[in-house]
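Both backbone and side-chain heavy atoms feed into the values below; hydrogens, waters and symmetry mates do not.
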Amino acid sequence: MPNAFYVTTPIYYVNDVPHIGHAYTTIAADVLARLARLRGDAVFFLTGLDEHGQKVQQAAAKAGIDPQTHCDQLMPKFKDLWEKLNISQDGFIRTTDAQHQTIVQHCLQTLYDKGLIYQAEYTGWYCTFDERFWTEKDVLEGLCPDCRRPVEQVSERNYFFRMSQFQDQLKEHIHTHPEFIQPDSRRNEVIGFLQKPLGDLSISRPKSRLSWGIELPFDRDCVAYVWFDALVNYISALEYLSAHPDAPTFWPASVHLVGKDILTTHAVYWSTMLMGMERPLPQCLFAHGWWTVEGEKMSKSRGNVVDPSAMIEEFGTDAFRYFLLREVPFGQDGNFSLAAFHSRYQAELANDLGNLVSRTLAMLGNFSQHTVPHPDPQTETEFDHQLQQTTSTLFGTIEEHLHRFEFHRALEAIMGLVQLANQYIDKTAPWILAKDPARAARLQTVLFHLAETLRFLSYALTPFMPHTAEAMNRRLGLTADISTSLLSNYPPWGTYTYNNPVSKGTALFPKKDIPATQGSQTTPTSSPPASKNPQALGSSGKSSPLAIPTDDTPQIGIDEFMKVQLKMAKILEAERVPKSSKLLKLQVDMGTQQRQIVAGIGKKYAPEELVGKTIVVVANLKPAKLMGVESQGMVLAAGEKDMLGLLGVAEDLPPGTTVK
RNA sequence: GGCGGUGUAGCUCAGGUGGUAGAGCAGCGGACUCAUAAGCCGCGGGCCGGGGGUUCGAGACCCUCCACCGCCA
């Protein structure tokens, strides 16, 4: 009986635009699933969509269609992206599936029958615009903390789950199962959260307020709280989407991958729900970090959401998968920058890995008539053994790292072998051996070692970069099924018989021109067409194509520049600072806030002519006092000693807009 | 405000149980030519956030201060 491995992603909100965050979790889950399959486990990999709730109901109403139709229209965005990303999910659940809804009702009924659900009056401050409740503490002077509109006190009869009953049991479980919540920092947060008394959980909404949901079996005037509905997906899917013949059961899940924002929901709500239903808890909840984009938080309003499709189109699925898992340790937050992407693509994928494959296959072609020769053990050296050793143990190393969710370390180990192989080539210099017929045996040994190294590399890469692994196998002339063969069946070093000719093929990761602009994340177009070879003008050939000649001023990197936060600001008021000829005190609107900025522009501008102008300011400059007046930023202006003119933008942009 | 974390080379970060600082990237130099002008070799002296303490000896242990971050309120 194979080991059962059940991995899940959260179910994504169908109304969202799929972005790098969705892709990240799903790719990570895919790697775990693919690795487990190679290990021989019976695998169930589940992802899907959360389709109920207020936002969907509203969006559908706005579009003038019924919510289900709306969901049906949105669903392909996700499914298509998973296909592009080569995601190998075994199940794709939608919370509007009829079976899921039935199971959610079963769960509710079970808890109700056990006396774990009760009805109570809930009173809170309700914001009609946001359609949500706030607590007394949230409300700011009678206004909604979110939209600043007046809130009203509203009472509602709702159903509550006796979550508080399970507080001690949950604390106990977390303490006795250190691996339950990972990484440790998140585990500590949950432990901290549970130090305070746990309340009961409202699990219903009146239909009068929200109708797009699953009806409570014991009260048709209410629907289930969306989180209750959503969390149950992890067990409901198993009952109608999993038809694995080998595994009797996939529950409890091996791992739920979640973003750090929904950790509490999973660690506390979901755990206590399961306890209420007397079902075992998942073995592990792993909360990964968030991505910023070019140093900024991703948000729709900023318009800086990375569209995975655009990246895939430019660099390929595997490069995208590689970057996300290589760049940042899984539990930590990371920054997605085009510069970093380029750097890794160029250095690690094109130069190191791609070129290793390329030069190896070329030599097998040139020096061995497109075949993998037999080695002569007599000619083996210490380095040969080292390469053999590292290669043979690579997969085990990867498994160790992935067991701890250290994707970046696993990929680091793979690149370590790539480097070792490149060193091996330089040290053994097959092109020199090829010139000397007396050393033919040694040449054969070297080429054989390189072929074997590539064979193991491709196997190790399979979970991370399936297309690349397959391409490597094909070029080496391996039979197609070897990339899906189980670890236990995989031919050990030296035991594989190479029967087919090898072929070099085109570059696995063709070098890319670096786009001229660093800011735009969506369209890294292949500019400039003038120079096909980006290094053509460089002398050393190693200098970064980004480096441009300047005067003596030291160059700074994109990271340093990105530390400076520039924003558009509209001048609301301006007045002279007393006793100063050039300082003006400005009150500016920066979108979300108003600030006072003191600027030395009084010789050029009169205060009254500035009001209403939109300018560029440094938003994250440390406040300072100029002639006793606090300045919370700095305006940008042109000119050396004498200020010649303020910076503005050709377009009329709203205050608060980011400038890059 | 409570709890937790972080602060190490220009950048990103490693540095179980204390013994006198490392990697990758960037930069500089070199030899080579199989290869996607790729790769390989050599070159890093940075008050290890500040101050105090324990110790023969602390980046690592203790105290304190500062800065930043997370969770909760």
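- Between Leu454(A) atom CG and A35(B) atom P the separation is 16 Å, expressed in whole Å.
- The aromatic rings of His19(A) and His22(A) sit tilted relative to each other, their planes meeting at an angle between 30° and 60°.
- Using atom P as the reference point in both G57(B) and G2(B), the two lie 36 Å apart (nearest Å).
- Ser185(A) comes within 4.0 angstrom of nothing in the nucleic acid, heavy atoms only.
- Using C1' as the reference atom, C63(B) and G44(B) are 34 Å apart when rounded to the nearest Å.
- With a cut-off of 3.5 Å on both Watson-Crick or G-U wobble distances, the partner of C71(B) is given as G2(B).
- Each of Val190(A) and Asn355(A) has a nearest nucleotide on RNA chain B; the 5'-most of these lies closest to Asn355(A).
- For Met415(A) and A23(B), the CE to C1' distance is 15 Å, given to the nearest whole Å.
- For Asn422(A), the side-chain atoms get nearest to G39(B) when compared with the rest of G39(B), U36(B), C34(B).
- Ring pair Phe405(A)/Phe407(A) is tilted by interplanar angle, where 30° to 60° counts as tilted.
- Comparing the P positions of G45(B) and A23(B) gives a spacing of 12 Å, expressed to the nearest Å.
- For Lys504(A) and A35(B), the shortest distance from a side-chain N or O to OP1 or OP2 is not below 4.0 Å.
- Contacts of Ile191(A) with the nucleic acid, taken as non-hydrogen atoms under 4.0 Å apart, are absent.
- Atom P of U64(B) sits at a distance of 45 Å from the matching atom of G27(B), rounded to the whole Å.
- When the nucleotides C34(B), A14(B), A35(B) are ranked by their closest atom to the side chain of Trp431(A), C34(B) comes out on top.
- Taking a pair to require two hydrogen-bonding distances under 3.5 Å in either a Watson-Crick or a G-U wobble arrangement, U17(B) remains unpaired.
- Straight-line distance from the CD atom of Gln182(A) to the C1' atom of G4(B): 18 Å, rounded to whole Å.
- Arg186(A) comes within 4.0 angstrom of sugar-phosphate atoms only, judged by non-hydrogen atoms across all strands, and of no base.
- In this structure, the side chains of Ser503(A) and Leu361(A) stay at 4.5 Å or more apart for every pair of heavy atoms.
- Between Ile432(A) atom CD1 and A35(B) atom P the separation is 14 Å, expressed in whole Å.
- Side-chain proximity of Phe509(A) to U36(B), C34(B), G70(B): nearest is U36(B).
- Each of A35(B), A38(B), C72(B) was ranked by its minimum atom distance to the side chain of Ala362(A); first place goes to A35(B).
- If you take atom C1' in A21(B) and the same atom in A58(B), they sit 12 Å apart, rounded to whole Å.
- Among the nucleotides C40(B), A35(B), C34(B), the one closest to the side chain of Phe367(A) is C34(B).
- Tyr424(A) has its OH atom 18 Å from the P atom of C34(B), to the nearest Å.
- Taking atom CG of Leu263(A) as the reference point, atom P of C72(B) lies 10 Å away to the nearest angstrom.
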Does Met275(A) form a side chain to side chain contact (heavy atoms under 4.5 Å, CB included) with Gln165(A)? I'd like the steps, not just the answer. CA-CA 10 Å; Met275(A) 285 172 169; Gln165(A) 279 196 4; over 6 Å; no
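- Closest to the side chain of Arg359(A), out of U36(B), U33(B), A35(B), is A35(B).
- If you check G57(B) for Watson-Crick or wobble pairing at under 3.5 angstrom, you find it has no partner at all.
- Closest to the side chain of Ile425(A), from the set C72(B), A38(B), C34(B), is C34(B).
- For Glu348(A) and G39(B), the CD to C1' distance is 15 Å, given to the nearest whole Å.
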May I have the step-by-step check of side chain to side chain contact (heavy atoms under 4.5 Å, CB included) for Trp431(A) and Phe367(A), ending in yes or no? CA-CA 8 Å; Trp431(A) 51 93; Phe367(A) 308 144; 3.9 Å; yes
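- Pair check for C28(B) finds G42(B); Watson-Crick or G-U wobble, both atom distances under 3.5 Å.
- Ranking C25(B), U33(B), C40(B) by closeness to the Ser343(A) side chain, first place goes to C25(B).
- A salt bridge links Lys260(A) with Asp333(A): the closest approach of a Lys/Arg side-chain nitrogen to an acidic carboxylate oxygen falls below 4.0 angstrom.
- The shortest distance between the side-chain N/O atoms of Gln195(A) and the OP1/OP2 oxygens of C72(B) is not below 4.0 Å.
- Here the P atom of nucleotide G24(B) and the CG atom of Leu411(A) are 17 Å apart, to the nearest Å.
- When heavy atoms are screened at a 4.0 angstrom cut-off, Gly354(A) is found touching base atoms of the nucleic acid.
- In the set C32(B), C41(B), G39(B), G39(B) carries the atom at the smallest distance from any side-chain atom of Asp352(A).
- The separation of A60(B) from G52(B), taken at their P atoms, amounts to 14 Å, rounded to a whole angstrom.
- Both distances falling under 3.5 Å, in either a Watson-Crick or a G-U wobble arrangement, occur for no nucleotide opposite C48(B).
- U33(B) and G16(B) have their P atoms separated by 44 Å, given to the nearest Å.
- Comparing Asp333(A) and Lys435(A) by the nucleotide of RNA chain B that holds the closest heavy atom to each, the one mapping nearer the 5' end is Lys435(A).
- Between Leu198(A) and Phe193(A) there is a side-chain heavy-atom pair separated by less than 4.5 Å.
- With G4(B), A35(B), C40(B) as the choices, the nucleotide that has an atom nearest any side-chain atom of Asp426(A) turns out to be C40(B).
- Between the C1' atoms of A37(B) and G10(B), the separation comes to 27 Å (whole Å).
- Phe320(A) has its side chain within reach of Phe341(A): a pair of non-hydrogen atoms, C-beta onward, lies under 4.5 Å apart.
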